[in-house]
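One structure is given below, encoded as structure tokens.
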There are 2 protein chains.
Amino acid sequence: MNFFQEKAVTSSDKTFFQLREEIVEGHISAGSKLSEVELSTKYEVSRAVVREAINRLEACNIVERKANVGARVVTLTSEGLLELYQIREALEGMAARLAAQHMPDAEINQLSSLLEGQQDEVKQRNVYYQEAGDLDFHYRIIVGSQNQQLITMLSNGIYHLARMYRVQLGMTGPRVTTAYDEHIHIVRAIANRDGELAEILMRRHIQYSKNNIAVKLSNMK
Amino acid sequence: MNFFQEKAVTSSDKTFFQLREEIVEGHISAGSKLSEVELSTKYEVSRAVVREAINRLEACNIVERKANVGARVVTLTSEGLLELYQIREALEGMAARLAAQHMPDAEINQLSSLLEGQQDEVKQRNVYYQEAGDLDFHYRIIVGSQNQQLITMLSNGIYHLARMYRVQLGMTGPRVTTAYDEHIHIVRAIANRDGELAEILMRRHIQYSKNNIAVKLSNMK
DNA sequence: AATAACAAGATTGTCGACAATTTGTCTATT
DNA sequence: AATAGACAAATTGTCGACAATCTTGTTATT
């Protein structure tokens, strides 16, 4: 589940993780107000640690804060989704390019065998895009870029917001085997050390995902 | 100077801005430790506001913090510079593409005339890449993308770190008229609503900048 | 009736003090 | 002499209280 292992050393960390999960999973609804005192009693910590947690969520673009007024969970809009996926396209495209340049052969082989292992499930039971598998794939490529700032940006910030959209729009939908094939092609480009192609394919792949979600979103209105 | 007008409403804001400026401009040296008590006496505020300011700086990748140990200003390395410019290339390239799609004609015209106004200085006195002009150019395109998350990311986070590198490596160097010509071509692509080309040109432009700085950096060692 | 000024309540911002953790030094043991 | 352990100093983490600001509802004035 937690690919990028985050260990909560301080109390603020724990509160931050809990709060983030509740928001992303939809237990705290989008657009709702975050009262510092309310949360501090709920989690049994002081207001100071709640404030710090909220500040960190703000840095992730998961909550918005106004001075002297308070913090609200962001609202999910089709514009926001579009914006987010434009950023993902740019950054993960670059990650794929860099992975083609820097990813060690060993890691590429692991990634290949990971996909091969998924092949059976996909072809027989049509259960790809099972969050976990998709996530694992993307995360390994991001790490493969060996760009620490890029890794941090994507895993700390963008990833959770993207998941929030998927979870709250009920993305268990179709997009089954096609995504799998796209993954295959991307890995092949990386294995061939073709950064140019890897970037192009990754960007296409993310565009398709976006379109898939955007359809769902427009259906809900 | 401040394109994206940031007004400090709260005391934390002010401390954050001051601290960020001192770090970026090199008055607080890279790699140095940030003591909360020391800073709180220096700026005459409580530790709480200093903590909040430091947290924000951490979100900008300008300081690094370890739990129960403290915060340090990041150290400037050639790897860090490389990573930063890879990110800029991806994000600003996307910004240029989006600007070609969404930027209003009026803004494009303003941008064109801005460059025309700079032409004299450039051709006659060789003083382009005068920080301000370059900055204004990039910022207008970022805003032209009309992607709010992208705008926030670049202006709040990445921009200041990039400036920190430039300032502390003494980037007043050459790269005079070439950058100007690159700007011209990018605007032309945007005016033609050619997002594909605008992105390519912007990415090249940023690659050149990176190379220019990387040379300086390797000379200093 | 509409608007403006005001007051009460609630929420966020700031502060100083205490608790927990780390770091460095000194001592004791092998 | 080197290592381990314990102690002391300093720094960060957490807390509750107070101050400043915003919001809401009421009253007064036109």
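Aromatic ring orientation, A:His138 versus A:His205: parallel (interplanar angle below 30°, classes split at 30° and 60°).
Salt bridge present: A:Glu25 and A:Arg163 bring a charged side-chain N and a carboxylate O closer than 4.0 Å. Ion pairing of A:Glu89 with A:Arg203 is present here, as a side-chain N (NZ or NE/NH1/NH2) and a carboxylate O approach within less than 4.0 Å. Ion pairing of B:Glu36 with B:Arg51 is present here, as a side-chain N (NZ or NE/NH1/NH2) and a carboxylate O approach within less than 4.0 Å.
Regarding A:Lys33, its NZ atom lies at a distance of 14 Å from the P atom of D:dC22, rounded to whole Å. Rounded to whole Å, the distance from CG on A:Leu34 to P on C:dA10 is 20 Å. Per the geometry, CZ belonging to B:Arg72 stands 14 Å off C1' belonging to C:dT22, to the nearest Å. Computed from coordinates, the B:Glu36 CD to D:dG13 P distance equals 6 Å when rounded to whole Å. The distance from atom CG of A:Asn68 to atom C1' of C:dA10 is 13 Å, rounded to the nearest whole Å. Regarding B:Lys14, its NZ atom lies at a distance of 15 Å from the P atom of C:dG13, rounded to whole Å.
Relative to the side chain of B:Ala67, the nucleotides D:dT12, D:dG13, D:dC22 differ in distance, and D:dG13 lies closest. Of the candidates C:dT14, D:dT14, D:dG13, the closest approach to any side-chain atom of B:Arg65 belongs to D:dG13. You'll find that the side chain of A:Thr10 is closest to D:dT14, out of C:dT14, D:dT14, C:dT21.
The 5' end of DNA chain D is approached more closely, in terms of each residue's nearest nucleotide, by B:Val69 than by the other of A:Val69 and B:Val69.
Using a 4.0 Å cut-off, no side-chain N or O of B:Ser12 falls inside it from OP1 or OP2 of C:dG13. OP1 or OP2 of D:dT14 has at least one side-chain nitrogen or oxygen of A:Ser11 nearer than 4.0 Å.
Shown for residues 40-62 of chain A: residues whose heavy atoms fall under 4.0 angstrom of DNA chain C, namely A:Arg47, A:Arg51.
The backbone N or O of A:Ser32 sits nowhere less than 3.5 Å from a side-chain atom of A:Ser29 that would complete a donor-acceptor pair.
Annotation: side chain of A:Leu34 is not in contact with side chain of A:Arg72 (no heavy-atom distance under 4.5 Å).
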Using the side chain to side chain donor-acceptor pair (under 3.5 Å) rule, take B:Asn55 and B:Arg65 through it: C-alpha gap first, then chi angles, then the decisive distance, then the call. CA-CA 8 Å; B:Asn55 279 332; B:Arg65 153 171 263 172; 2.2 Å; yes

